[in-house]
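Input: a single structure, listed below in structure tokens.
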Amino acid sequence: MKTHLKEQIFTLKKEKNAVILAHYYAPAEAQEVADYVGDSFYLAKIAKKSAADMIVFCGVSFMGESAKILNPDKKVLMPDLRADCAMAHMVAKGKIEEMRKKYEDLAVVCYINSTAELKCQSDVCVTSSNAIKIVKALPNKNIFFIPDRNLGRYVASQVPEKNIIINDGCCPIHATITKEQLLEQKEQHPNAPILIHPECEPELLELSDFIGSTAELIDYVASSPLDEFIICTEDGVDYQLVTDNPCKKFFYPNPRPCCADMKLNTLENILSVLEKEDREVFVDETVAKKAWKPLDRMLELGR
Ligand code: 13P
Ligand code: SF4
């Protein structure tokens, strides 16, 4: 039905030497036209090494900002600039300075789901697929983990040798999935393992069989001999799961977790931004220079 839109996108993309990146939570139609689809870490790495003149980022604002910070000379566009991540703002003003005063050797570890302003006050960024590895590798004993309390608590449980102080932010999509919703699926599909994103509450993680980033959940399914799975994350991953595993079945908490901001990345918006180049991501130069450091350190330590 939308073939004509896709054809126009492909033609313009080629004409303008643009590359389209899409997160696994973007709508299926965005993932279909993207050159690269992945989790936050993979997309940050792709954005850094891209040779295109223009990057169209089908994600939310912190992803577009990170791509711009890593590529200050490139034009970074987003199909809809309103696509934001509520959690990215959830650190109270003055909190980082307060913690730095309290602990001399503090490392501020910033989940990539954060604003550029928060990144530039941090020592290193992490994503859900490299947070444990990076926190373990830091020389500091005291860690202030921002903004996500759930990823922070999960990392703390895996790195007990560190003192991890946790900021009280959360993802409004993952943190509102309830234990009852998950148990309902388990009751209906007792043989299906529960695969979960670490942004969910700890009592849900306790019930799960595997915890990982979106890419790690997708990889788990691909290498598993089982044929049904309970997927406890945003339902955009379904496109990749079904494409890669047409004979396997996937069940989600009811109602299916859905990030409305991610769903703003429609074909119409992608075509329009490629035509007009009007939804460009700008990051203040001083902020960008400071925020580049923790992002680059993540790419180094996360390798
Ligand atoms: P990933 O690190 O799996 O890409 O997760 C990003 C995200 O926004 C989760 O809500
Ligand atoms: Fe942010 Fe949650 Fe949406 Fe991920 S799912 S982009 S953490 S609001």
Side-chain angles (χ1 to χ4, degrees), residues 21-27 30-31 34 36-47 57-67 78-91 109-116 118-119 125-135 145-155 167-177 195-201 204-205 208 210-221 231-241 252-253 255-265 295 298-299 302:
L21 311 190
H23 190 269
Y24 285 127
Y25 294 162
Q31 296 188 46
Y36 299 95
V37 183
D39 68 357
S40 306
F41 187 42
Y42 173 78
L43 294 175
K45 286 188 287 188
I46 292 292
F57 212 124
C58 302
V60 289
S61 55
F62 75 82
M63 296 179 178
E65 274 182 358
S66 299
M78 290 191 66
D80 192 322
L81 288 171
R82 290 171 304 170
D84 197 4
C85 168
M87 179 166 69
H89 306 266
M90 290 185 190
V91 180
V109 175
C110 182
Y111 188 20
I112 198 167
N113 296 37
S114 55
T115 60
L118 287 172
K119 286 187 178 79
C125 288
V126 296
T127 74
S128 57
S129 66
N130 60 31
I132 294 170
K133 182 179 178 182
I134 291 178
V135 169
F145 194 97
I146 59 168
D148 187 17
R149 64 166 187 252
N150 287 333
L151 180 62
R153 288 192 282 211
Y154 175 56
V155 172
N167 175 75
D168 193 19
C170 67
C171 162
I173 317 303
H174 288 84
T176 47
I177 304 170
L195 317 188
I196 195 163
H197 196 281
E199 286 178 14
C200 294
E201 293 289 325
L204 276 73
L205 299 193
S208 71
F210 180 72
I211 302 167
S213 74
T214 47
E216 289 167 335
L217 303 187
I218 289 166
D219 288 349
Y220 183 98
V221 168
I231 306 292
C232 195
T233 190
E234 208 273 353
D235 75 343
V237 295
D238 196 62
Y239 170 73
Q240 195 69 42
L241 288 170
Y252 295 82
R256 275 168 80 131
C258 176
C259 177
D261 287 84
M262 283 285 187
K263 304 308 180 215
L264 293 169
N265 294 293
L295 273 172
M298 171 187 81
L299 295 172

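First listed ligand is number 1; within each ligand, the first listed atom is number 1. Numbers here simply count residues along the sequence, with the first being 1.
- Protein heavy atom nearest atom 4 (O) of ligand 1, with residue, atom name and distance: H23 NE2, 2.6 Å.
- Side-chain atoms of N167 come within 3.5 Å of backbone atoms of M90 as a donor-acceptor pair (strictly under, hydrogens ignored).
- At the top of the distance list for atom 5 (O) of ligand 1, counting protein heavy atoms only, stands H197 NE2, 3.2 Å.
- Checked by atom type, the side-chain pair T127/Y42 shows no donor-acceptor distance below 3.5 Å.
- Residue E216 places every heavy atom at 4.0 Å or more from ligand 1.
- D148 has its side chain out of reach of R153: every pair of non-hydrogen atoms, C-beta onward, lies at least 4.5 Å apart.
- Across all non-hydrogen atoms, the minimal contact from C200 to I177 is SG-CD1, 4.1 Å.
- Under a 3.5 Å cut-off, the side chain of N265 and the backbone N or O of G59 do form a donor-acceptor pair.
- The closest heavy-atom contact to atom 5 (S) of ligand 2, among the options C171, S128, A88, G169, comes from C171.
- Residue H174 has at least one heavy-atom neighbour below 4.0 Å for each of these atoms of ligand 1: 10 (O).
- Heavy atoms of E199 approach ligand 2 to within less than 4.0 angstrom.
- Every atom of ligand 1 with a heavy atom of S213 under 4.0 Å away is listed here by number and element: 3 (O).
- Proximity annotation for atom 3 (O) of ligand 1: of V126, D148, T214, T214 comes nearest, heavy atoms only.
- Judged by the shortest distance from any of its heavy atoms, D261 lies outside the 4.0 Å radius around the atoms of ligand 2.
- Residue S128 places at least one N or O, backbone or side chain, under 3.5 Å from an N or O of ligand 1.
- Residue contacts with ligand 1: Y25 is included, with a non-hydrogen atom under 4.0 Å away.
- Judged by distance alone, the side chain of D261 and the main-chain N or O of D84 form a donor-acceptor pair under 3.5 Å.
- When hydrogens are left out, the protein atom nearest atom 6 (C) of ligand 1 is S40 OG, 3.4 Å; that is the closest non-hydrogen contact.
- Formation of a donor-acceptor pair under 3.5 Å by the E234 side chain with backbone atoms of T214 is not found in this model.
- Pairing each heavy atom of P172 with each of M87, the nearest pair is CD-N, 4.5 Å.
- Checked by atom type and distance alone, the side chain of E65 pairs as donor or acceptor with a backbone atom of A116 at under 3.5 Å.
- Side-chain contact check for I218 versus L241: some heavy-atom pair is nearer than 4.5 Å.
- Ranking the protein heavy atoms by distance from atom 1 (Fe) of ligand 2 puts C85 SG, 2.3 Å first.
- Residue, atom and distance of the protein heavy atom nearest to atom 8 (O) of ligand 1 are N113 ND2, 3.1 Å.
- Scanning the protein for heavy atoms near atom 3 (Fe) of ligand 2, the closest one is C259 SG, 2.5 Å.
- Put simply, the side chain of K263 never gets that close to the backbone of P27: no donor and acceptor are under 3.5 Å apart.
- Considering backbone and side-chain atoms alike, E199 places an N or O below 3.5 Å from some N or O of ligand 1.
- Here's the thing with S129: none of its N/O atoms is less than 3.5 angstrom from an N/O atom of ligand 1.
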